[in-house]
Structure formats: C-alpha cells, structure tokens
Amino acid sequence: MRIAWRKFALLAERFFWSSPVVTRSAPHIRDAANVQRLWNYFVLASLPAWLIGLWSVGNQTNLAIADFQLTQLPGWRAWLLERSGLGFDAFSPLACFAHGLLYFLPLFLCVLFVGACWEVLFATVRKRRLDEGLLAIAWFFALLMPAGVPLHLAALGMSFAIVVGKLIYGGSGRYLVNPALLGLAFLVFSWPGLLFGPGTWVPVAGYDQPSVLELVATEGGLSVVAAVDYGFWQLFLGDRPGAFGTVSTLGIALGALFLVRAGVASWRLIIGGLIGVAVGGLAGAALFPGNVVFTLPWHWQLVLGGFAFGLVFLATDPVAGPMTDKGRWGFGLLVGGLTVVFRGGSDAYYEAVMFAILLASLFAPLIDFVVKEANIRRRRRRLRDALNE
C-alpha cells in the first residue's frame with residue numbers, strides 16, 4: 001500500500017513538474033527534452049481550442065435550455081450555476097464557459113484517475129519507474145469526447161487506451177498508434193450511438209442537434225447548412241456542436257503555429273494533410289460527381305468534424321508517425337486523402353479522420369522504410385556514377 005501511494009505521488013509530480021530525466025547509469029547526465037516535456041507542448045498548444053470548445057458546449061446547451069423554455073433544471077451543475085448567479089444565459093460568455101467547464105472537469109478527472117490507476121498498477125507489478133505521457137493521453141481523450149458521455153464509458157475507453165494502446169507495448173515511445181485515438185475508436189465500435197446517435201452533442205434531454213458534418217453527409221450538402229444558419233467563418237471560429245477540443249479551427253490553427261514554432265510538430269505533415277484533403281476532394285468529385293461530400297470545396301473539409309484537430313494534435317504524434325521528412329509528406333497526404341474518401345464512402349461513420357489516422361499510423365514504418373531504401377539506392381547510384389567517371 002505504501003509503495004502504491006509513493007507511485008501516485010511520483011505520478012502527480014510528473015504531471016505538473018517536468019524535471020529533466022536523470023538516468024540511473026549516468027546520474028550526472030541530464031536530458032532536458034524528455035517525453036513529458038514534449039507532451040506538455042501539445043497540451044499547451046491545445047488550450048485555445050479547449051477554451052473555445054468550453055464556451056461552445058456551454059453555448060449550445062444554454063441555447064437548448066432557452067428553446068425548451070426550461071426554468072427548473074435537475075442536477076448539481078444547474079444548482080451551482082444558479083447559486084453562483086451565472087445562470088443559463090446563452091449570450092453571456094462567462095455563463096457559457098462555466099457551463100462547459102462543469103461538463104469537462106468531471107470527465108477529465110475521471111479518465112485521469114483511471115489512467116493513473118493503471119499506470120501505478122503496471123509500474124508496481126513490473127517494478128519499474130512510472131511512465132510519462134499520461135496527462136497528455138487523458139487530456140486529448142477528454143477533448144475528443146462529447147459533453148454528455150457517461151463517465152463509466154469514458155473510464156472504459158480510457159482503460160483500453162492506456163492498457164492496450166500504451167502499457168502492453170512498454171510505455172511511451174513504443175506504441176503503434178496514438179492511445180487516445182485508439183480509446184475513442186474502441187468506444188465508437190462498441191457503442192456507435194456514442195458519437196453518431198441522437199442527442200449526442202448537446203447534453204439536454206430530448207434535444208437532438210446533429211453535428212454539421214452529419215447535416216452535410218445526410219441532408220444534402222451546404223444548402224442544408226446554410227438553411228440552419230451555419231456559415232464557414234462561424235464554423236471556423238467554433239460556434240457549432242461538437243467535442244470539447246474539435247469545434248474551433250481557429251484555436252487549432254493557433255496551436256499548430258505554436259507546435260511548429262517550438263519544433264515539436266512537423267509542418268510538412270500538416271501541409272501534406274491539407275494537400276491530401278484538396279487532392280482527395282478533387283479526385284472524389286471527378287469519380288463520384290453525385291456525392292455531396294466529394295463535391296464540397298476543400299476548405300470546408302477543414303471546419304467539418306474533427307479533421308483539423310486530428311491533423312494537428314494526433315497525426316503529429318512523434319511516436320506513431322514517420323520519422324523522415326519525406327515520409328511526413330507522404331503520411332500527411334495519406335491522412336488527408338483517406339479522410340475525404342472515408343467521409344464520402346461511409347453511410348454511418350462520418351467522422352473519418354479517426355480511421356484515417358489509425359490506418360496511416362500502421363503504415364508509418366513502411367513509409368519510412370520506403371524513403372530510406374530510396375535514399376540508399378540514390379546514394380549508391382551516385383557513387384557508381386562517380387566511380388565510372
């Protein structure tokens with residue numbers, strides 16, 4: 001029991017204090033670029049998207065409450081908002097932000113606690129030090145969830161993400177695909193209604209507000225989007241139903257600039273993903289002119305669903321992605337192209353970026369291998385030509 005408590009204390013210290021790693025074999029050698037510090041950059045970069053997402057969730061919820069003309073609401077969230085004097089004003093940014101935060105905090109703390117329990121258990125059984133990366137995995141897993149997700153399902157998905165996606169491979173730096181994305185995929189396949197069922201995105205009983213991507217894919221394209229008063233720049237800013245971290249392309253773009261400037265994420269991969277979306281849309285429109293998803297302008301793909309979030313924060317995973325520069329171009333092209341293909345070809349799972357990144361991650365080692373082999377052959381050919389001269 002005492003050992004487990006010490007493990008929890010060390011884990012908390014790793015969350016909030018990213019000290020340089022001191023190796024046991026060489027105690028005087030310190031590495032300032034450890035894994036926890038690397039993931040801290042990703043968490044910091046996602047803060048603008050998270051803040052806008054909190055406001056968006058609260059705004060959508062307060063609008064639903066106003067539409068239903070609800071005066072008495074059950075639950076502890078309503079009690080806190082009423083006692084604080086904030087209320088449910090959809091035009092008050094502070095009230096919307098507070099309402100969204102009251103949905104996010106229990107979710108995040110739940111998945112963080114579940115992940116910490118698994119980390120401590122594996123570290124105790126293996127008699128190894130605690131691994132890095134839990135805070136980032138729990139953070140991004142919570143950002144991908146809808147506001148009304150049951151906590152027991154979130155805990156189950158986080159357990160799958162940590163155990164199957166990370167710990168059984170040996171921890172950070174060894175997994176095959178992004179653990180948070182794998183946990184989301186597990187929940188989507190096990191409970192399809194979690195992301196694509198009625199009443200998913202706005203946590204008000206009886207209120208069904210589908211995502212804009214669902215409207216485009218099932219109701220007839222951009223004309224339906226315009227009929228319900230959604231515009232491109234409105235979606236770009238983040239005023240739409242969706243998960244906590246995925247609604248604001250503006251906030252995600254700010255995070256992308258931060259990651260690229262800090263040298264943590266590859267700009268080649270991000271630009272490759274944008275090119276892949278454009279090429280995939282053009283090819284799909286030529287091959288399937290009657291498909292409304294393929295006929296969308298390419299820039300609309302950026303503000304629909306979670307493509308921007310997936311490309312910037314999940315596809316750039318330094319462990320699951322390729323390591324070569326040319327491989328990152330190819331990886332980004334593959335993610336962008338597959339996203340459009342899966343969106344246009346699926347009748348049920350419209351949020352295709354998740355599957356695109358998971359599939360592309362499995363091909364990342366092959367992409368790097370092809371790039372390296374091509375480089376070796378090119379150098380041999382140059383050496384042979386030089387010797388022949």
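FYI, side chains are in, hydrogens and waters are out, and symmetry mates aren't considered; it's all heavy atoms of this structure.
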Look at atom [atom1] of [X] and say whether more than 12 heavy atoms of other residues, nucleotides or ligands are closer to it than 6.0 Å.
X: Arg379; atom1: CZ; value: no
X: Arg126; atom1: CZ; value: yes
X: Trp118; atom1: CH2; value: no
X: Tyr230; atom1: OH; value: yes
X: Phe68; atom1: CZ; value: yes

Residues Leu274, Leu311; criterion side-chain contact (heavy atoms from CB on, under 4.5 Å); working and verdict: CA-CA 9 Å; Leu274 300 180; Leu311 179 64; 4.1 Å; yes

Under 4.5 Å between any side-chain heavy atoms of [X] and [Y], yes or no?
X: Asn178; Y: Ile357; result: no
X: Phe342; Y: Leu359; result: yes
X: Phe288; Y: Val293; result: no
X: Gln60; Y: Trp201; result: no
X: Ser92; Y: Phe97; result: no
X: Leu156; Y: Trp191; result: yes
X: Val188; Y: Met354; result: yes
X: Arg77; Y: Pro106; result: yes

Would you say [X]'s side chain and [Y]'s backbone share a donor-acceptor pair under 3.5 angstrom?
X: Ser56; Y: Ile52; value: no
X: Asp368; Y: Thr324; value: yes
X: Arg240; Y: Ser211; value: no
X: Arg343; Y: Phe294; value: no
X: Asn375; Y: Val371; value: no
X: Ser248; Y: Leu237; value: yes
X: Thr246; Y: Phe309; value: no

How close do [X] and [Y] get, counting heavy atoms only, and between which atoms?
X: Val177; Y: Ser361; value: CG1-CB, 3.7 Å
X: Ile137; Y: Ala180; value: O-CB, 3.8 Å
X: Leu187; Y: Leu153; value: CD2-O, 3.4 Å
X: Val57; Y: Thr61; value: O-OG1, 2.7 Å
X: Ala320; Y: Ala364; value: O-CB, 3.5 Å

Same apolar cluster: Val277 and Leu282, side chain cutoff 4.5 Å: no

Quick check, are the ring centers of [X] and [Y] under 6.0 angstrom apart?
X: Trp139; Y: Phe104; value: yes
X: Phe189; Y: Phe355; value: yes
X: Trp50; Y: Trp55; value: no

Looking at [atom1] of [X] and [atom2] of [Y], how far apart are the two atoms once the value is rounded to the nearest 0.5 Å?
X: Leu314; Y: Leu182; atom1: CG; atom2: CG; result: 12.0 Å
X: Phe108; Y: Leu135; atom1: CZ; atom2: CG; result: 5.0 Å
X: Phe258; Y: Tyr41; atom1: CZ; atom2: OH; result: 6.5 Å
X: Asp89; Y: Ile65; atom1: CG; atom2: CD1; result: 11.0 Å

Within residues 300-325 or reaching into it, pairs that qualify as salt bridge (Lys or Arg N to Asp or Glu O under 4.0 Å) - sequence neighbours excluded: Arg268-Asp325, Asp325-Arg328

From CA spacing to verdict: side-chain contact (heavy atoms from CB on, under 4.5 Å), Leu73, Phe88: CA-CA 10 Å; Leu73 296 172; Phe88 308 98; 3.6 Å; yes

